Amino acid sequence: MDKYDHKTIEAKWQDFWEKEKIYQASDSSKKPKKYVLVEFPYPSGEGLHMGHLRPYTAGDTFSRYWRMKGFEVLYPIGWDAFGLPAENYAIKNKVHPRVSTAKNVENAKRQLKSWGMSFDWSREVNTTDPGYYKWTQWIFLQLFKAGLAYEATGLINWCPKDKTGLANEEVIDGKCERCGTPVEKKELRQWYLKITAYAEKLLEGLKSLKEWPEPVKLQQENWIGKNEGAELEFRIRNYELGIRVFTTRPDTLFGATYMVLAPEHPLITDIKNQISNIKEVEEYTENTKKKSDIQRTAVEKEKTGVELKGIKAINPATKEEIPVWVADYVLMGYGTGAIMAVPAHDERDFEFAKKYRLPIRTVINNPSALPNASASPLILRGDETAEEPPLNIRGDSLPHSLPRAGEGELYTGEGVLMNSGKFDGMDSEQVKAEITKFVGGQKKTQYKLRDWVFSRQRYWGEPIPLVHCEKCGIVPVPEDELPVTLPEVKDYEPTGTGESPLAAIVSWVNVKCPNCGGKAKRETNTMPQWAGSSWYWLRYTDPQNDKEMASKKLVKQWTPVDVYFGGMEHTTLHLLYSRFWNLFLYDQGYVTAQEPYTKRVPHGIVLASDGEKMSKSRGNVVNPDDVIEKFGADTLRMYEMFLGPHGDTVFWNDKGIVGVKRFLDKVWRSAVSNYPSPSGGGWSKVGRGLHALIKKITADLEAFKFNTCISAFMEFLNKNENMAQADFEVFLRLLAPFAPHTTEELWHQLGYRDSIHQQLWPEFNEKLAQDTKITFVVQVSGKLRATLEMPTGSSQAEVKAKVVSDKNVKKYLADKEVVKEIFVPDKLINFVLR
RNA sequence: GCCUGGGUGGCGGAAUUGGCAUACGCGCAUGGCUUAGGACCAUGUUCCGAAAGGAUUGAGAGUUCGAAUCUCUCCCCAGGCACCA
């Protein structure tokens, strides 16, 4: 064979690997372990796409590398198969999701095998398998028993197209994460997981994740959104209840000239009969409800609000009576749903005060503002108690006590207090605690993270294993009755009323209470798709266990995951959720690692060559199956890596692939023409360069710089087309994780019987990896004037002696005085002229 | 608006972290092989210039013997968050 026939060869070795089971991870191995994880795919009808190839190839290459390094590597795969597409397909075509899913799994599995992935198929899991979701339900029950799952009625995100509630994390830019439909707010009874109880631990844990990329950690940190401040109470005039507010700036309390309640704030209904313009207020709050989140939070939008006439709050610091407003720029979901407004020191309050002519009182001195008010006559300072009152434009003195409505200056920084009674002259940063104490408030930590809306009004998900009993209330299904299996339904169509299609299966819904035996109904909501993936890496360690989620011994043996390849888009979804579940299971003593993933390696997205997302409607999809048909898996894998750095967005471009194909053909030709018969052993004359190659490939692999590995291979082969056979064998071993089929075939052609993937990774000798000669850079005043071949380790004197005789350099040095000479060993010599 | 990345030939990208900018690949050009080729092989290919030489890493400044790399100002692109008090 003088040409590499990828179809025959790749199929042949895929069968061989499967038969020999060389990629199965052994629980009883004496070798040190490594756990390589890739995000398991959703088996869609379209099959796997280029986007899957990127992390899977990286994980595969890495697994192969670690196996050759002598580790027992666990590289498992499974199916995240609950979810909407299968269900929507069922609605349309009346095919049970179980059936279509099985078909899609079959196809995706064929694809993964054709890519030459070294997965351990004996550990395959499927989230829709009752033997799997039994344990998803079991974990839910543990959360429930720990008080971390609760039912509540509240305003939640609702996707009108998918007809289900959504978690906060599933709303991207105000739209449904799955289908892109603008999300609405709906008042619904929902199950929540109290992820907020783990806010601090999730934040704390990030600090221990030394091998996570900073941007990923930062994004999670921002999502959790910790904010330290104070909770203060403002009394309402002639009323027993007060208004509690959260603020990060208690130091500006003296500047709080009004208050704002969120439109949903319960106080508005409580004091309804004291509000003289209640009609106007209710009209406003009703209007707000109708608006979508997108409309409500649009930045360009001008702020609106209505004053609660007849209501006055009392600023606890100044004892002044201040107006109370309702405005939709205050959100019910954060803090207490009410704020103290300090227009002089908060941008939003400033804007609002300007519009509605509310008083703006400066209480923090802006150190960068000009001290003399007359120097900037347009800026009015409010009720400063300076001895000489500031001047307005006409030069008149201003009234002393009250700030002029709607006029003033905005300054949001820290500084020295003014107009703040006994706190005047103190530093704003230091005075925060004191002022909080002065008005009887408390220090308070707020998080932006919200509890996880955990129920979905859809069919194709794990049933929530709870029962509603008329007498006992909510009762968990006993653990020995798990799993609560999904019943067959006639109609998958979501009802849209906030009830799941399961509610219509009377025979399934009506049960006896496990507690009292009385009449009870099953919970009919299902879990979100994120449930199954929140613990799947644990199941891989012990996938057949029907007594436990996974045996503690095996969990301890394999976890944490050493390296987890996946997408940036899961940073505040799967990655956050699974860390939460793991932390919980850790606290309960079921898992041994506090953090599930030691290292996270994100990949860039694969876009079409037109720079757009690959999509059927655009017609720019490149199907990996077609590329494999034409070029083979090794070429596809290597080209995908060669496109660009693993973390970068890459554009698929059909044109460049021939470069990688040519390289592999060249490897093939080189082998077939140079080494027709088996022999081997020892190092040869190109050994030096080869040591350098081993060093380079090893280092770049460890740093996930796959693209430069490929260049290094190409460069080496270009220079050493006819290397000695022993060297070629080393070259093949280095290339094996990248081109598993080609290298396996050539390895066997060289006479070996074992798989190349079970060979050891080549070691390099540091001394031999160094060049014996190096090219010196000769500069005159920092400009390159010559280069010079010198033996490694040459001294300054040796280099100089050789350099000054160089014609070119002489020309530049003639009649000039050398002020300074810079010598960098094995690199450069620079003559600085006057 | 805020927070992250990033900006290098015609294109994808490389540069041992302050020391030969443009490796490797695509494309293109010329030549070879071929009945033919959009196959393969060889050579060349940052820009200006006939050459000597000069210029060049988004723009501008600075530090340094020396800057793609460090500092400052500005512009642009991608991603995340966004009326979060």
Side-chain angles (χ1 to χ4, degrees), chain A residues 172-174 213-223 225 227 229 245-249 252 256 260 262 296-303 327-331 333-342 345-349 351-352 446-450 568-569 571-572 604-605 607 609 611 639 642-645 647-660 662-663 665-666 669 695-696 699-700 705 707-718 775-788 818-824 826-833:
Chain A
I172 314 283
D173 278 335
E214 274 322 305
V216 175
K217 286 194 274 186
L218 211 63
Q219 211 172 301
Q220 280 207 1
E221 198 182 310
N222 291 340
W223 188 261
N227 228 336
V245 300
F246 171 74
T247 178
T248 53
R249 296 295 301 270
T252 63
V260 185
R296 201 175 149 176
T297 60
V299 187
E300 326 79 58
K301 198 196 81 173
E302 201 176 284
K303 293 187 177 23
D328 67 358
Y329 81 92
V330 173
L331 309 171
Y334 184 76
T336 61
I339 60 154
M340 64 176 211
V342 185
H345 305 290
D346 180 279
E347 227 172 291
R348 296 148 300 180
D349 300 343
E351 195 193 315
F352 193 77
Q446 270 292 334
Y447 300 91
K448 288 183 193 167
L449 186 70
R450 314 282 165 86
M568 262 327 257
E569 71 276 16
T571 302
T572 53
I605 1 170
L607 297 176
S609 54
Y639 181 54
F642 191 53
L643 273 172
D648 286 13
T649 300
V650 294
F651 304 93
W652 182 266
N653 177 355
D654 280 319
K655 283 191 177 152
I657 198 166
V658 295
V660 170
R662 280 174 195 153
F663 165 74
D665 281 343
K666 198 163 170 179
R669 265 202 319 277
K695 187 181 175 182
K696 165 89 177 155
D700 283 5
K705 290 158 81 176
N707 55 332
T708 51
C709 286
I710 314 289
S711 321
F713 281 125
M714 290 173 167
E715 201 174 352
F716 183 82
L717 192 65
N718 287 346
T775 310
F776 247 88
V777 173
V778 184
Q779 294 182 337
V780 178
S781 292
K783 292 217 173 208
L784 175 76
R785 294 305 177 193
T787 56
L788 186 63
V818 176
V819 208
K820 206 170 163 188
E821 216 177 286
I822 290 158
F823 181 78
V824 184
D826 290 344
K827 237 170 210 151
L828 142 155
I829 187 157
N830 184 10
F831 301 97
V832 186
L833 303 181

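Everything numeric in this text was worked out from a predicted model, so none of it was measured. Order of the sequence lines fixes the chain letters, A, B, ..., with proteins taken first and strands second; residue numbering starts at 1 for each chain.
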>> Rounding to an integer number of angstrom, what distance separates G58(B) and C11(B) when you compare their P atoms?
In response: 13 Å

> Over how many whole Å does the gap from Met714(A) atom CE to G12(B) atom C1' extend?
Replying inline: 12 Å

> Would you say the side chain of Val777(A) lies within less than 4.5 Å of the side chain of Lys827(A), judging by non-hydrogen atoms?
Replying inline: no

> Can you find a heavy atom in the side chain of Phe713(A) that is under 4.5 Å from one in the side chain of Phe642(A)?
Replying inline: no

> Considering heavy-atom distances to RNA chain B, does Gly337(A) or Glu347(A) have its closest nucleotide positioned more toward the 5' end?
Replying inline: Glu347(A)

> Rounding to a whole Å, what distance do you find between Glu221(A):CD and C81(B):P?
Replying inline: 15 Å

> Which nucleotide in the set C24(B), C65(B), A55(B) lies at the smallest distance from any side-chain heavy atom of Val832(A)?
Replying inline: C65(B)

>> Expressed as a whole number of angstroms, how long is the span from Leu643(A):CG to C11(B):C1'?
In response: 12 Å

> What's the verdict on side-chain contact (heavy atoms from CB on, under 4.5 Å) for Leu784(A) and Val778(A), showing C-alpha distance, side-chain angles and the deciding distance?
Replying inline: CA-CA 6 Å; Leu784(A) 175 76; Val778(A) 184; 6.0 Å; no

>> At under 4.0 Å between heavy atoms, how does the protein contact nucleotides 14-22 of chain B? Give one character per nucleotide, 5' to 3', with B, S or -.
In response: SS---BB--

> Is any side-chain heavy atom of Met340(A) less than 4.5 Å from a side-chain heavy atom of Thr252(A)?
Replying inline: yes

> How close or far is atom P of C81(B) from atom CD of Glu569(A), stated in whole angstroms?
Replying inline: 12 Å

> Choosing from C83(B), C3(B), C24(B), which nucleotide comes nearest the side chain of Tyr329(A)?
Replying inline: C83(B)

>> Rounding to an integer number of Å, can you tell me how far Asn718(A) CG sits from A42(B) C1'?
In response: 13 Å

> Taking atom C1' of G66(B) as reference, at what distance in whole Å does atom CZ of Phe831(A) sit?
Replying inline: 14 Å

> Which value, in whole Å, describes the distance between the P atoms of nucleotides A39(B) and A29(B)?
Replying inline: 13 Å

> Centroid-to-centroid, Tyr447(A) to Trp223(A), below 6.0 Å?
Replying inline: no

>> Applying a 4.0 Å non-hydrogen cut-off, can you work out what Lys448(A) is touching in the nucleic acid: base, sugar-phosphate, or nothing?
In response: base

> When all nucleic acid strands are considered with a 4.0 Å heavy-atom cut-off, which category describes Arg450(A): base, sugar-phosphate, or nothing?
Replying inline: base

> Do Phe823(A) and Phe776(A) have ring centres separated by under 6.0 Å?
Replying inline: yes

> Looking just at side-chain N and O atoms, do Asn830(A) and Lys820(A) make a donor-acceptor pair shorter than 3.5 Å?
Replying inline: no

> For the pair made of CE in Met568(A) and C1' in G80(B), what is the distance, rounded to whole Å?
Replying inline: 8 Å

> Taking the six-membered ring of Tyr329(A), is NZ or CZ of Lys303(A) closer than 6.0 Å to its centre and within 45° of its axis?
Replying inline: yes

> Would you call Phe663(A) and Leu717(A) a side-chain contact if the rule is heavy atoms closer than 4.5 Å?
Replying inline: yes

>> Taking only the P atom of each, what is the distance from U56(B) to C75(B) in whole angstrom?
In response: 24 Å

>> Measuring only the C1' atom in each nucleotide, how far is G13(B) from G25(B)? A whole number of Å is fine.
In response: 9 Å

>> Please report the distance separating the P of C47(B) from the corresponding atom of G12(B), rounded so that it comes out in whole Å.
In response: 16 Å

>> Using a 4.0 Å heavy-atom cut-off, does Val819(A) contact any base of the nucleic acid, only the sugar-phosphate backbone, or nothing at all?
In response: nothing

> Taking both distances under 3.5 Å as the test for a Watson-Crick or G-U pair, what stems of at least three pairs does RNA chain B have?
Replying inline: B:1-7 with B:75-81, B:10-12 with B:24-26, B:27-32 with B:40-45, B:46-48 with B:53-55, B:58-62 with B:70-74

>> Quick check on U17(B): syn or anti? Syn means the glycosidic torsion is within 90 degrees of zero.
In response: syn

> From G12(B), U4(B), C65(B), pick the nucleotide closest to the side chain of Lys820(A)?
Replying inline: C65(B)

>> Whether Asp700(A) and Lys696(A) form a salt bridge (side-chain N of Lys/Arg under 4.0 Å from carboxylate O of Asp/Glu) is what I want to check.
In response: yes

> Atom OH of Tyr447(A) and atom C1' of C81(B): how far apart are they, to the nearest Å?
Replying inline: 19 Å

> Is the glycosidic torsion of G9(B) within 90° of 0, making it syn, or is it anti?
Replying inline: syn

>> By nearest atom, which of the nucleotides U4(B), C83(B), A39(B) is closest to the Arg662(A) side chain?
In response: A39(B)

> Looking only at atom P, what distance separates A55(B) and A61(B), rounded to whole Å?
Replying inline: 15 Å

> If only atom types and distance count, is the side chain of Gln220(A) paired as donor or acceptor with the main-chain N or O of Thr571(A) below 3.5 Å?
Replying inline: yes

> Mind checking the C1' distance from U57(B) to U8(B)? Whole angstroms is fine.
Replying inline: 4 Å

> Which sits closer to the 5' end of RNA chain B, Gly656(A) or Arg785(A), going by the nucleotide each is nearest to?
Replying inline: Gly656(A)

> What interatomic distance, in whole Å, is found between P of C70(B) and the corresponding atom of A14(B)?
Replying inline: 16 Å

> Is the distance from OP1 or OP2 of A55(B) to the nearest side-chain N or O of Lys783(A) less than 4.0 Å?
Replying inline: yes

>> Taking side-chain contact (heavy atoms from CB on, under 4.5 Å) as the criterion, tell me which of Glu821(A), Arg785(A), Gln779(A) meets it with Phe831(A).
In response: Glu821(A)

